[in-house]
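Here's the structure we're looking at; comments come further down.
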Amino acid sequence: MKFRRLIFANLFRKKVRLILTIGSFAIALVLFTFLAVIKSAFNRGVEIAGADRLIVVDRVGLMNLMPISYADKIAAIPGVKAVAHDHWFGGVYQDEKNFFPQFVIDVENHRKVYPEFIVPDDHWNNFVKDRQGAIAGAKLAERFHWKVGDRIPIKTTLYGGAVWEFNLDGIYHTEKPDGDQGQFWLQWKYFDENVPSVIKSTAGWYILKLNNPDDAVRVAKAIDEKFANSSHETKTQTESAFAAYFAKQFGNIEFLILTIGSVVFFTLLLVTGNTMAISVRERTGELAVLKAIGVTDRSVLFLVLAESVAIALFGGMLGLLLAWGAIPVISGALTGMLPPLLLSKTMLALGLIFAFLVGAASGLLPGIGAMRMRVVNALRRV
Amino acid sequence: MVRVDGSGNSQSLICVRGLNKTYSRGGEKIQVLQGLNLDVDKGDFVAFMGPSGSGKTTLLNLLGGLDVPSAGSITVDGDEITHMSGSKLTQWRARHVGFIFQMYNLIPVLTAYQNVELPLLLTKLSGSDRRKHVETALAVVGLGDRMHHYPRQLSGGQEQRVTIARAIVSDPTFLLCDEPTGDLDRKSADEIMALIEELVGKYGKTVLMVTHDPVVAARAHTTLHLEKGVLVEGKASRQSVLAGGAA
Ligand SMILES: Nc1ncnc2c1ncn2[C@@H]1O[C@H](COP(=O)(O)OP(=O)(O)OP(=O)(O)O)[C@@H](O)[C@H]1O
Ligand SMILES: [Mg+2]
């Protein structure tokens, strides 16, 4: 590219302006990646959901409990490999800020439906034997510096307000490093003994594993038909549909992110488009001389586009670098309030593509103007 | 030989016949050139004079392929440029014309060397060939020691010399200068004119120049006046003015 020296020299013509434009790109890209990681954090449940798992909830709502006797009836339906019941414990550890999800699990069946959670056998065996036992995800244990053997007091908010004490018997990991390692599990039997009588012998929801994912629709229908016209009708969904439904409880995140993202996009487009238009106008005479000595119209367009794209990519990379450094810190500060924020390679690539597109779009109109400009008129306008 | 009566043979380097240029401003038409003829041979040095608005710049732009005439033809070295398409014309300019304008000639963010190199970037010359040409051109204009200066580090006269170096570096068929000394003081103007004379005398360049300054024009071989859309030779013009005054 023979004109690279000219492009490069043009970039540094107005240093303050260059810094400001690069800065706008960097900030916009930080925002862009931040929105992208939040969106993906909320969607992660949907993405990692097992295709061969169904969730059964009470048709009235997630907070309505179902009889524990449903477990055997569901297990009897052809195509169902295993069923486990689950409860939301919803307690507080030391302070409300320390939120993490606590599940009341069905010890006999939990591992059958959730093979991706890996618990060492000795940990698991101790847990099974210990009524007051608990298992924590590796990230959760790390967050509160828990070790196996610690006693963990948790105050219930839903079941009478007492403080329950647990023995940490084990730590679980996940197959994939970005799996959910922030849960806390306690035993249903201990739970059932200590809750008020209305809660006894209930399940918050059921999770079932299918022999074959292709059966999902048929099995879901069979379950809901089975409990139709009973005192607790059910609603059976795939796990990913359930996760999407669950994420919606936080408000319409997608819409919010899309709105903010579009505002950022158009602001950036206007700011850089305006900057490029000004810098092209300032150079009208020079561009005319270039054309006079034989630089083609298309090369002039290219010169302008190359400049705006270079600024965009440079600012974009700077922003991505900042985001890459900042997101783990922010994610750490927000632990518990949001799912972990992870910046993936795809997002970095998308960010660069985004920067490239804004750069090209903002250079396009001024570039076409420069391309169409006639030398004689440009030299006369002095 | 320079002729303005359309009688030149087809051997002349630049051959202009019946050139018309009309601008329309609003609904009104302005006839700037009206059937202009011109023949210029290789090695000629012509100055165009005339009052402001008489069409000198218009003529130069047409000769340089920067604008297209309303009617008439311009043939340079056998090529009729008035029939060329936009991109053909751009290529033709790069090969055949060296431009020296009054101002806005140099790219301020490039050094003298890089400015002079620009026309060569459009050729297939290798990097080392380009360097040889650029160094030679800058030596010809006497700026061999200022190659790596930026325009703002040069005087007006030096800037104009860099422009001349850029105009000659690709060895074009002819040079077009629109008031090359318009922004300069007498001394710098004299130096520039000495340089242009040298280009004509020593290197055999063909130069067509617009100027307002009779002292500058006097250094050309021939001075032509633009009057009422056509060119007239210097003496003839003066005679016609005298004749008009006597009548
Ligand atoms: N693009 C245009 N549209 C309308 N009129 C134009 C245009 N370009 C030039 N003219 C008119 O054509 C006439 C000739 O202009 P030109 O610039 O060729 O004159 P000039 O002899 O170079 O003048 P000067 O000595 O002031 O440079 C002027 O009346 C000018 O206003
Ligand atoms: Mg003029």
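In this text the structure is predicted, and so the values were computed from the model without any measurement. Reminder, nothing fancy here: chain letters follow the sequence lines and each chain counts from 1.
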query = Is the backbone of B:Thr111 close enough, under 3.5 Å, to the side chain of B:Asn115 for a donor and an acceptor to pair up by distance?
reply = yes
request  = Run the ring-centre check on A:Phe265 versus A:Phe32 and record whether the distance is less than 6.0 Å.
outcome  = no
ask   = Rounded to the nearest 0.5 Å, how far apart are CG of B:Asp67 and CG of B:Leu59?
value = 11.0 Å
inquiry  = Need one label for A:Arg283: side chain, backbone, both or neither, based on atoms under 4.5 Å from any heavy atom in chain B.
reply    = neither
message = What part of A:Asn10 gets within 4.5 angstrom of chain B, counting heavy atoms only: side chain, backbone, both, or neither?
response = both
key: Region of B:Leu121 in contact with chain A, defined by heavy-atom distances below 4.5 Å   = both
task = Evaluate the ring planes of B:Trp92 and B:Phe174, with Trp represented by its six-membered ring, and classify them as parallel (under 30°), tilted (30 to 60°) or perpendicular (over 60°).
result = tilted
note = When rounded to the nearest 0.5 Å, the distance separating CG of A:Leu350 from CG of A:Leu348 is 9.0 Å
ask   = Under 3.5 Å, is there a donor-acceptor pair linking the side chains of A:Ser299 and A:Thr296?
value = yes
request  = Counting only heavy atoms closer than 4.5 Å, note whether B:Thr123 contacts chain A via side chain, backbone, both or neither.
outcome  = backbone
remark   = Of the listed B:Thr58, B:Leu110, B:Thr57, B:Val97, the one with the largest count of heavy-atom pairs under 4.5 Å with chain A is B:Leu110
ask   = Considering only heavy atoms, which portion of B:Leu122 lies under 4.5 Å from any heavy atom of chain A: side chain, backbone, both, or neither?
value = side chain
message = Less than 4.5 Å to any heavy atom of chain B: does that hold for the side chain of A:Leu6, its backbone, both, or neither?
response = both
